Structures are given as C-alpha cells and as structure tokens.
Amino acid sequence: MRAGTQFGRVAVSTLLVVAGSGAAFAANAQTSPEEWRYRATIYGWFPGLSGTTEFPSGAGGPSIDVNAKDLIDKLKMAFMGTAEAQYGRWGGLVDVFYTNIGSTKTGTREFTIEGQPSAVGVTANLSLDVKTTIVTLAGTYSLMETPTYTTGLVFGARMLNMDQTLDWAFNGTGPSGVGVAGRREASATNWDGIVGVRGRARFGSDLRWFVPYYADLGTGNSKFTWQAMTGIGYAFSWGEIQAAWRYLDYDFKSGEPLQSTTLNGVAVGVSFRF
C-alpha cells in the first residue's frame with residue numbers, strides 16, 4: 001500500500017538541560033583562546049513537521065493518501081540536547097534531536113483512495129505515529145574571533161532515523177481491493193556528510209546584543225540535506241538568552257520509503273558559559 005502524506009505543522013514543546021551549544025550556537029569570543037571552553041543550554045524548539053512518505057505493501061491494493069495535517073497533533077515524547085567543547089581554534093560538538101508524535105482520528109473523511117475522494121458514506125479511523133531521531137557529530141574550526149564578530153567552519157556527519165506507522169479501519173463499503181483494516185510501517189536510517197558555517201555578529205553600545213547564524217549542507221544516503229538558523233540574542237556576564245528560527249530539510253533518493261522531511265520553527269534558549 002502506498003500512502004503519500006503531507007505532514008502539517010506540529011507544536012513540539014520541550015525544555016531541557018544540555019551540556020553544550022551544539023550546531024545552533026556559536027562559541028563565545030571573550031574567553032582566552034588557549035583554554036578549554038564549554039557551554040550549557042536550556043532550550044526548546046517548536047517546529048512544524050512536513051514530508052512525504054510511501055508505505056509499500058505486497059497486497060497490490062490501491063493507495064491511500066492521508067492528510068496528516070489533521071492527524072498529527074500530539075507530542076508523546078521529546079528530547080533535544082547538544083554538547084560542545086573547544087580549545088584554541090579547534091573543537092567538536094554532538095547534537096541530538098528526538099520526537100515521538102502522532103494522533104488518531106475517528107470517523108474521518110480526511111483521506112483519498114487512488115487520489116480520489118472516498119465514496120459517499122465511507123469514513124475511516126486513522127492513526128499515524130512518527131518517531132524521529134537526528135544526531136549530528138561534527139568538528140569545528142574558528143576562522144575569526146573579534147569583539148564584534150565570530151565565524152567558523154563545521155564539518156562532520158548527521159544521522160537521521162525515522163519510523164512511521166499508519167493504522168486504518170474503514171467504515172462502510174470501500175472500493176474494490178481495499179481491506180477493512182490494516183497497518184503499514186515505513187522506516188529509514190540515513191548517514192550524510194555535512195559542511196557548514198556558524199557564527200554571530202554583536203551590536204549595541206556594550207555589544208551585548210547579537211545575531212547568531214548557522215548553515216550546513218550535505219549528502220550521502222540522502223540525496224540532499226541542509227539546515228539553517230538565525231535569530232537574535234542578548235548576553236549577560238553568566239551567559240545569554242536567544243530566540244531563533246531553525247529550518248532542517250531532507251530530500252531522499254528515489255525508491256526510498258521516505259521521500260522528504262522538513263522541520264521548521266522557533267527555538268528559544270538560555271545558555272550558560274563555563
């Protein structure tokens with residue numbers, strides 16, 4: 001069975017303590033470069049999730065196209081964390097993102113069969129669950145650090161693992177070949193090499209305000225993946241607070257069960273330097 005799903009926006013709210021700034025936060029330039037530098041951050045990311053998935057089957061039945069915008073509205077579990085260390089110009093980071101989201105609709109007509117609306121009197125009970133894990137392992141190299149501007153390179157790998165499960169049960173007389181109920185699963189694990197840049201620009205009379213930025217792109221098991229972030233922040237003696245917009249996109253190779261995935265939304269955080 002083939003199900004093409006266009007995932008709608010999902011509110012993923014979480015607060016967590018992490019031992020580092022990860023890919024989204026640039027290193028502080030006001031510490032001596034010839035000593036170890038670390039960062040701890042409490043933050044939440046509130047992305048919308050969209051994408052297309054193909055659920056294969058060996059039954060030879062017609063496809064069911066489900067509008068996930070009206071299905072996925074519940075966060076079951078989430079974890080996001082980063083860790084980073086830097087000495088001199090060189091450093092490394094680990095970034096982990098995990099969510100388990102999904103929901104169930106009873107008696108819905110928010111689906112089509114072979115691209116056509118369902119027959120009069122036919123409804124369905126639909127359940128869609130999506131588990132997503134993204135891990136980034138990267139090295140960093142500082143190109144420039146001044147009181148007003150920092151920029152550096154990011155290079156490494158990103159892993160995406162996604163598991164999706166679709167359950168359905170039709171009520172009424174469906175088209176020929178469509179079962180009364182069933183379940184299909186689709187999953188993929190992709191490793192991609194990535195390269196990127198990150199940094200921040202400081203402004204204001206005391207240079208406490210700053211604009212962070214991050215961007216990377218890569219390929220490997222995926223056809224293409226890219227990520228971008230920018231926002232605004234304010235620095236204190238103990239750390240900083242910031243809000244940003246983060247966008248992560250995947251385009252998978254043809255023939256894969258997952259065709260595309262996008263995470264896109266606001267991230268807010270509080271960082272502590274040590």
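Because the structure is predicted, anything quoted here is derived from the model rather than measured. By convention here, the first residue in the shown sequence is residue 1.
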Euclidean distance, [Y] [atom2] relative to [X] [atom1], rounded to 0.5 Å:
{"X": "Y141", "Y": "T151", "atom1": "OH", "atom2": "OG1", "answer": "12.0 Å"}
{"X": "T132", "Y": "L263", "atom1": "OG1", "atom2": "CG", "answer": "6.5 Å"}
{"X": "N161", "Y": "T133", "atom1": "CG", "atom2": "OG1", "answer": "5.5 Å"}
{"X": "N221", "Y": "F252", "atom1": "CG", "atom2": "CZ", "answer": "10.0 Å"}
{"X": "T225", "Y": "I134", "atom1": "OG1", "atom2": "CD1", "answer": "8.0 Å"}
{"X": "L248", "Y": "T136", "atom1": "CG", "atom2": "OG1", "answer": "8.0 Å"}

If we ignore hydrogens and angles and just use 3.5 Å, is the side chain of [X] paired with the main-chain N or O of [Y] as donor and acceptor?
{"X": "D192", "Y": "S222", "result": "yes"}
{"X": "R89", "Y": "S142", "result": "yes"}
{"X": "K253", "Y": "F224", "result": "no"}
{"X": "E185", "Y": "S187", "result": "no"}

Can you name the nearest heavy-atom pair linking [X] to [Y], along with the distance?
{"X": "P212", "Y": "Q242", "answer": "CG-OE1, 3.1 Å"}
{"X": "V268", "Y": "A243", "answer": "CG1-CB, 3.9 Å"}
{"X": "P147", "Y": "L207", "answer": "O-CD1, 3.7 Å"}
{"X": "S237", "Y": "R208", "answer": "N-NH1, 3.9 Å"}
{"X": "Y213", "Y": "Y149", "answer": "OH-OH, 2.9 Å"}

Just say parallel, tilted or perpendicular for the rings of [X] and [Y], cut-offs at 30° and 60°.
{"X": "Y234", "Y": "F236", "value": "perpendicular"}
{"X": "Y87", "Y": "W36", "value": "tilted"}
{"X": "F203", "Y": "W209", "value": "parallel"}

Could you check whether any side-chain heavy atom of [X] comes within less than 4.5 Å of a side-chain heavy atom of [Y], counting everything from C-beta outward?
{"X": "T82", "Y": "F97", "value": "no"}
{"X": "T150", "Y": "F210", "value": "no"}
{"X": "L137", "Y": "L93", "value": "no"}
{"X": "L217", "Y": "I194", "value": "no"}
{"X": "V195", "Y": "D216", "value": "no"}
{"X": "T189", "Y": "M159", "value": "yes"}
{"X": "R246", "Y": "Q227", "value": "yes"}

Are [X] and [Y] close enough that a side-chain donor and a side-chain acceptor fall under 3.5 Å?
{"X": "T165", "Y": "D129", "result": "no"}
{"X": "D251", "Y": "W226", "result": "no"}
{"X": "Y250", "Y": "R158", "result": "yes"}
{"X": "T230", "Y": "Y214", "result": "no"}
{"X": "T262", "Y": "D249", "result": "yes"}

inquiry  = Before you tell me yes or no, could you show the steps for V197 and V154 under side-chain contact (heavy atoms from CB on, under 4.5 Å), namely the whole-Å CA-CA distance, both residues' side-chain angles and the distance that decides it to 0.1 Å?
reply    = CA-CA 6 Å; V197 295; V154 179; over 6 Å; no
Partner of E145 under salt bridge (charged side-chain N to carboxylate O under 4.0 Å, His left out), picked from R200, R202, R37, is R37
Considering only NZ, NE, NH1 and NH2 on the basic side and carboxylate oxygens on the acidic side, decide whether R183 and D167 come within less than 4.0 Å. yes
- Message: Between E84 and R198, does any NZ, NE, NH1 or NH2 come within less than 4.0 Å of an OD or OE carboxylate oxygen?
- Response: yes
